[in-house]
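For clarity, every value in this text was computed on a predicted model and none was experimentally measured. Numbering starts at 1 and runs along the sequence shown.
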Amino acid sequence: MDQPLLQRATRRGCSSCRMLKAWLPILSWLPKYNFKWLQMDLLAGVTVGLTTVPQALAYAEVAGLPVQYGLYSAFMGGFIYTLLGTSKDVTLGPTAIMSLLCFSLVGGEPRRAVLLSLLCGVIQAALALLRLGFILDFISFPVLKGFTCAAAITIGFGQVKNILGLHDIPHEFFPQLYYTFYKISEAQIGDVVLGLLCVALLVMLMSMKANLGSDDDATRFSRAARRFVWTVSTMRNALIVVAASVCAFSWEAFGYHIFTITGETSEGLPHFRPPPTTDTTDNGTVVTFGEIVEGFGGGLAVIPFMGMLESIAIAKAFARQNNYRIDANQELLAIGVTNIMGSFVSAYPVTGSFGRTAVNSQTGVCTPAGGIVTSVIVLLSLAFLMPAFYYIPKASLAAVIICAVAPMVDFHIVAKMWRMHKLDLLPFIVTFLMSFWQVHYGIIGGVAASGALLMYTLARPRITMSNPGVLLIQLASGLSFPAAEHLSRIIHTQALQESPPQSVVLDCHHVSEIDYTVINELSDLLRQFKHKNVHLILARLQPNVLEVLLAADLEGFRYADSIDTALQWDKETPVLNAGSVRPQSEEETFKH
C-alpha cells in the first residue's frame, strides 16, 4: 500500500522539479557550474561589455534619446536572461532596429520611451505565458529582409548628418535626405575628417578579423598574432570611441572646438522607480496614459513582435550552430520580463543583439552568466565614466552605427527570390518601400502583402489536367473554401460544358482537410453530373476526409482507392457515348 503512494509522490516531485527548471533554466546548469566555465564566462562578459558600452551610447542617438539612456537599457538584460534564458550565447540590450522603431513611435521623448518598454514587456510576457509564440510564424522571411534592408539604410543615412557635423536636420527620412544635401556646404571639416577616419579604421579591423584564418599548423608567434588581431578587432568599437574621445579632449583643452561632441550627460546610476504613466508637454499640458497609448497606435503591436522575432531568430541561429536547443516561449518570457524590469530603471525597449551575441559565442561563453559580467561593466561605466562621455565626438558614434548596420543591407536576396519564387518579391518590395514612410507601416504592409499571397495560394491551388479517356484533375495542394468556386468553375468549363460532357476523376491525395463549403459545392456538382449522365469520381482520399464525406451522405458520391482503379472503371463504362448504367462488377472495383 505504501509503495504505490511513494511512487506517486516521487513522480509528482519529479514533475514539479521539471516544471521549475522549465520556468527557471538557471537551475539546470548552475549545479554543474565549474571554474573553467567561470573563466570563459568572465572573458566573454568583459569582451562583450567593451562592445556594449559604445554601441549603447550610439543606439541611444538613433532612438533620439540622451546617450545615458542607451546604458540604462543595456544592463538589465544580463541579469534577467541569466535566470530565464535558454541560450548560452544571446545577449539582450539596445539594438539599431529597436532604437529606430522606438524613435518612430516616441519621437525622442524619454518618458514615453520608458513607458513603451513597460507596455512591450507586458505584451511579450503575456504572449509567452499564453504560449502564443507561434504568432511570429506569420511574419515571413521576405518581410523581415525588406524591413531590415530599409531600416539599415534609414539608420545609416540618419548618421550622415553627424559625420558631416550638420545641425537642425529633420528626423523623417525624406526631409532628412533633402536637408542633408541642401546643407552639405555647412559641413564641419573636423567632424568629416574624424568620421571618415573612424569608418575607415572600423572597416579595416572588420576585414582583418574576417580574414584571420585558422590556427591549424601555425607557429606560436602566428597564433599569438592572430589572437591579438582578433582581440583588437573584437573591441574595435570601444577602441575607436576612446581614441576619438582623447583626440577631441586634446583639441578642447587647447581651446579649439573643431568636433561636435556629446556634451553633458546625467551622472550616476538610474533610480529604481515605477515607469511614468503620464507625460507633460512643453506648454504644461498633462498627457494621460490613455492618450499616450492611443498615440502609439499600431506601433504598439509592431515593436513587441519585432523584438520577439529578432531575439528568437538569433537564439535559434546560435543554438543550431552550437548544437543545443532553445525554448521559444521561454525566450519570449525572458525578453518580456527584461523590458518590464528595464522600465523601472529608465530603459527603452530592448531585444537580442546579433553582433554582440556573435562576439559572445566566438569568445567561448559557456553559460548565460557571461551576461552578468557585461551588465556589471555597463553599471561601472554609468557610475564612474559618465563625465568622460562628455568628450565623445558624435562623428565617432555615427561611424560605429554605420559600420554596425551596413551588413544588414543584403540586396543579393532579391536575385535569389527572383530565381526561386518571384511572388516573394511583392512583400519584400512593399515592406522595403513603406518602411521609408513609417517604419511600423512597412511591417504592417509587408504582413498584409504576405497574407494576400497566402490567401491567393489557398484560393487558387495549382491544378494539373490530363485526359486519359476521362478528364483527370490533380490538385497539387489542399482544398479549402476559398478554392471551392474556382475548382467548380474549372470542372464546369472542362467537363460539363463540353459536347459530349466528360466524366471526371478528381485526385484528392493532397487534400488533408475539408470544410462545409467544399462539401456543399461537391453536392451541387454531383447532381449536375448525374443530370448529364456522367460521373465524378474522387480518388485517393485521406481517411479523415473520406470519413467526413461519408458522414455528409452525398447523393451519387463515389470514390476509388487509386487513380488507376477510377480510370479503369470509367473506361469499362461507355458513358461518353451511351450514358449507360455501371456494370455489375462495380462493387469489386469501386465503392460508393
Side-chain angles (χ1 to χ4, degrees), residues 421 454-592:
H421 194 241
L454 179 62
M455 293 303 296
Y456 180 81
T457 304
L458 290 173
R460 295 293 182 269
R462 188 161 58 87
I463 295 173
T464 57
M465 290 181 288
S466 57
N467 198 332
V470 296
L471 182 63
L472 173 61
I473 297 179
Q474 294 177 294
L475 295 167
S477 58
L479 180 63
S480 54
F481 71 90
E485 178 63 29
H486 175 62
L487 178 63
S488 178
R489 184 166 57 252
I490 289 177
I491 293 174
H492 268 277
T493 304
Q494 301 295 327
L496 295 178
Q497 293 178 9
E498 291 291 311
S499 182
Q502 298 188 72
S503 291
V504 172
V505 174
L506 182 62
D507 181 9
C508 300
H509 178 65
H510 295 292
V511 178
S512 58
E513 298 289 340
I514 196 166
D515 54 50
Y516 185 82
T517 304
V518 175
I519 293 172
N520 190 55
E521 198 68 41
L522 282 175
S523 178
D524 290 342
L525 282 171
L526 288 169
R527 284 197 298 270
Q528 293 168 36
F529 270 83
K530 182 178 180 181
H531 178 72
K532 296 285 187 177
N533 204 21
V534 287
H535 305 295
L536 173 61
I537 306 167
L538 276 64
R540 300 204 296 172
L541 288 165
Q542 300 286 348
N544 61 311
V545 175
L546 176 59
E547 183 180 351
V548 173
L549 290 171
L550 290 173
D553 196 22
L554 300 175
E555 182 182 355
F557 169 56
R558 297 172 176 83
Y559 65 96
D561 291 332
S562 68
I563 293 176
D564 289 339
T565 301
L567 293 175
Q568 187 61 36
W569 177 84
D570 209 86
K571 287 177 182 177
E572 292 172 359
T573 307
V575 294
L576 298 180
N577 297 322
S580 60
V581 296
R582 71 181 82 254
Q584 292 182 354
S585 60
E586 172 189 353
E587 297 293 338
E588 299 171 0
T589 60
F590 196 28
K591 305 166 188 172
H592 66 87

Looking at every non-hydrogen atom in both residues, tell me the closest pair between V470 and S503 and how far apart they are.
CB-O, 3.7 Å
A566 to A560 - nearest heavy-atom pair and separation
CB-CB, 3.8 Å
Whether S488 side chain and A484 backbone form a donor-acceptor pair below 3.5 Å
no
I need the L546 CG to D561 CG distance, nearest 0.5 Å.
8.5 Å
Side-chain contact, heavy-atom cut-off 4.5 Å: L549 with Y559?
no
Got a donor-acceptor contact below 3.5 angstrom from the Q542 side chain to the H509 backbone?
yes
Does some side-chain heavy atom of V545 sit less than 4.5 Å from a side-chain heavy atom of L538?
no
Shortest non-hydrogen contact from R462 to S477?
N-OG, 4.3 Å
Hey, mind stepping through Q502 and N467 against side-chain contact (heavy atoms from CB on, under 4.5 Å) and telling me if it holds?
CA-CA 10 Å; Q502 298 188 72; N467 198 332; 2.9 Å; yes
Residues 511-520, side-chain donor-acceptor partners within the protein, below 3.5 Å, at least two apart:
from: D515; atom 1: OD1; to: T517; atom 2: N; distance (Å): 3.2
from: D515; atom 1: OD1; to: V518; atom 2: N; distance (Å): 3.0
from: D515; atom 1: OD2; to: F481; atom 2: N; distance (Å): 2.9

So OG of S523 and CG of L554: to nearest 0.5 Å the spacing works out to 5.5 Å
Rounding to 0.5 Å, atoms CD (Q497) and CD (Q528) come to a distance of 9.5 Å
Check the pair I463 / H486 against side-chain contact (heavy atoms from CB on, under 4.5 Å), numbers first and verdict last.
CA-CA 10 Å; I463 295 173; H486 175 62; 4.2 Å; yes
Assess whether side-chain contact (heavy atoms from CB on, under 4.5 Å) is satisfied between L475 and H510, documenting all intermediate values.
CA-CA 7 Å; L475 295 167; H510 295 292; 5.5 Å; no
Restricting to salt bridge (charged side-chain N to carboxylate O under 4.0 Å, His left out), what partner residues turn up for R527, sequence neighbours left out?
D524
A quick test of your reading: do over 12 heavy atoms of other residues, nucleotides or ligands sit less than 6.0 Å from CD of E498?
yes
To the nearest 0.5 Å, atom OG1 of T464 lies from atom CG of D507 at 8.0 Å
Provide the closest heavy-atom pair for A483 versus L479 in the form atom of the first, atom of the second, distance.
CB-CD1, 4.0 Å
Rounded to the nearest 0.5 Å, what separates atom CG in L471 from atom OG in S466?
7.5 Å
Partner of V504 under side-chain contact (heavy atoms from CB on, under 4.5 Å), chosen from L496, L536, I537:
L536
Verdict with reasoning, R540 to I563, per side-chain contact (heavy atoms from CB on, under 4.5 Å):
CA-CA 7 Å; R540 300 204 296 172; I563 293 176; 4.0 Å; yes
Determine whether M465 and I490 make a side-chain contact, defined as any pair of heavy atoms from C-beta on separated by less than 4.5 Å.
yes
